[in-house]
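As the structure is a prediction and not an experimental result, all values here were calculated from the model. Computed over heavy atoms, backbone and side chain alike; hydrogens, waters and symmetry mates excluded.
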Amino acid sequence: MNPALLLRALTAGLVAAVLAISPATAQTTLDKVSFGTNWVAEAEHGGFFQALADGTYKNYGLDVTIVPGGPNDNNRISLIAGKIDFYMTANTLQSFDAVANNVPVVAVAAIFQKDPQVFLTHPESKIAKLQDLKPLTLFVSKEGVASYFQWLKSEYGFSEERVKPYTFNSQPFLANRQSAMQGYVTSEPFAVEKAAGFKPGIILLADNGFNAYSTLIETRRELIDKKPDLVQRFVDASVIGWYNYLYGDNAPANTMIKKLNPEMTDELLAYSVATMKEYGIVDSGDALRDGIGAISDARVASFFDKMVRAGVVRRDIDFRNAYTLRFTNKGVGLDLRPKN
């Protein structure tokens, strides 16, 4: 072949190859990102693991490392110290606490539209509404007494005289049929049914006015100021991961979760996912319009007022510094929700 024609052919082939490369593939260097959860791997973290396992984070130009939490790990301290980039904070109260203590972290998305906190009851007690719990012995953790139970006192007139310590052991509840036990809707009802052979009654606090957000993505103000594009990509990819975990093939995430936490069985994982969907833990409220991760100014203000009345937070803090709407409410992933 004529050398000139050979050069032209090689050049044309190179151009065609370059044009065929996707934007994600063209990005030779992925941004390294670390994300700490607040507990050991479980279905309640599933969307994040899904985004990692199915390549969504990579498609958004991110090389993500998920750092599981646990009883002896404090990933929030690691976030504040700059050792990790993002953290999965438990609920809006922790965001308020950051403002009160001048901790420079901000919530950038709220994955759970409903806090999964519940009270479990014995079926024979026929508890139908929250107020019906008042005469019962209530097993509540120390953290619960300091937070949501103060709201129960101020909004519904509950008394701490009925409270006994909850030590994350269901046996005292099972032994006392005139009692109720705190738990997460995604796990404790399953454990009680397995241990005792009955389905407990469930009272979800979120459906009775406790309108905290839960499982929020939190990061440092410094990262928002210096790398807003990275924050946006992490939020968007995590949201996509959650849609795929709830409505798509979540086997990749569950495989990763079970590897990190062998106590997670296929049955429990399936139960947790089904329960999150049934109760609208992730995909309900504003998320139906604005996408998973949605945050509303009005709702945060409403919850803040409730917590002030309950004496849980101080009136003088500027709660608006606890979060930002800059990275959410964009409708990302809405096309992934099943039409029916």
Side-chain angles (χ1 to χ4, degrees), residues 31-38 44-45 47-52 56-57 60-62 64-67 69 75-115 211-243 245 281-283 285-287 289-301 303-304 317-334:
D31 292 314
K32 290 187 177 297
V33 170
S34 52
F35 172 64
T37 67
N38 59 9
E44 290 87 337
H45 310 166
F48 302 111
F49 284 106
Q50 182 74 19
L52 179 59
T56 298
Y57 283 135
Y60 277 75
L62 302 173
V64 174
T65 299
I66 296 179
V67 183
N75 280 332
R76 198 166 196 238
I77 294 297
S78 296
L79 172 70
I80 296 167
K83 295 181 179 179
I84 61 175
D85 303 301
F86 297 92
Y87 173 66
M88 189 185 80
T89 193
N91 55 50
T92 316
L93 280 174
Q94 289 193 332
S95 301
F96 292 162
D97 184 66
V99 176
N101 290 285
N102 295 313
V103 178
V105 296
V106 184
V108 294
I111 300 301
F112 283 11
Q113 291 294 298
K114 293 183 180 182
D115 190 299
N211 56 341
Y213 290 114
S214 180
T215 308
L216 298 97
I217 300 175
E218 195 174 64
T219 191
R220 296 183 303 281
R221 291 188 181 278
E222 177 189 22
L223 191 63
I224 291 175
D225 293 338
K226 292 184 177 179
K227 298 182 178 180
D229 174 67
L230 184 144
V231 175
Q232 187 68 71
R233 283 184 285 132
F234 182 77
V235 170
D236 289 351
S238 298
V239 167
I240 296 295
W242 271 101
Y243 277 111
Y245 187 70
I281 299 299
V282 177
D283 196 11
D286 293 331
R289 180 190 66 243
D290 299 327
I292 288 174
I295 301 176
S296 158
D297 284 326
R299 179 165 161 186
V300 177
F303 183 66
F304 177 74
I317 72 167
D318 189 350
F319 69 90
R320 290 164 295 189
N321 290 330
Y323 69 100
T324 177
L325 305 184
R326 181 176 178 180
F327 304 101
T328 191
N329 299 359
K330 301 176 186 293
V332 171
L334 284 174

Contacts under 3.5 angstrom, residues 106-115 side chains, donor-acceptor by atom type, not counting sequence neighbours:
unit_1 : atom_1 : unit_2 : atom_2 : d
Gln113 : NE2    : Ala294 : O      : 2.8
Lys114 : NZ     : Asp207 : OD1    : 2.9
Lys114 : NZ     : Tyr279 : O      : 2.9
Asp115 : OD1    : Gln117 : N      : 2.9

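- A side-chain donor-acceptor contact under 3.5 Å links Thr92 to the backbone of Tyr213.
- Taking 4.0 Å as the cut-off between side-chain N and carboxylate O, Lys227 and Asp31 do not count as a salt-bridged pair.
- Checking side-chain atoms of Asp85 against main-chain N and O of Ser34 turns up a donor-acceptor pair under 3.5 Å.
- Within the model, atoms CG of Leu334 and CG of Asp290 stand 8.0 Å from one another, a figure rounded to the nearest 0.5 Å.
- A donor and an acceptor atom, one from each side chain of Asn91 and Ser214, are nowhere located under 3.5 Å apart.
- Ring orientation note: the planes of Phe48 and Trp242 are nearly perpendicular, at an angle over 60° on the 30°/60° scale.
- Taking every heavy atom of both residues into account, Ala237 and Tyr57 meet most closely at CB-CD2, 3.5 Å.
- At a threshold of 4.5 Å between non-hydrogen side-chain atoms, the residues Val67 and Ser78 do not count as touching.
- Across every non-hydrogen atom of Asp318 and Val99, the tightest pair is O-CG1, 3.4 Å.
- Here the CG-OG1 distance, from Asp236 to Thr56, works out to 11.5 Å after rounding to the nearest 0.5 Å.
- One N or O on the side chain of Arg299 and one on the backbone of Ala212 form a donor-acceptor pair closer than 3.5 Å.
- When atom types are taken as modelled, the side chain of Arg220 and the backbone of Ile84 share a donor-acceptor pair closer than 3.5 angstrom.
- Judged as a side-chain hydrogen bond (donor to acceptor under 3.5 Å, both in side chains), the pairs with a partner in residues 322-332 (not counting sequence neighbours) are, in order, Asp297-Tyr323.
- The backbone N or O of Tyr60 sits less than 3.5 Å from a side-chain atom of Arg233, completing a donor-acceptor pair.
- Checking each of Phe86, Tyr87, Phe234 against Phe35 for a ring pair (Phe, Tyr, Trp, His ring centres under 6.0 Å) leaves exactly one that passes, namely Phe234.
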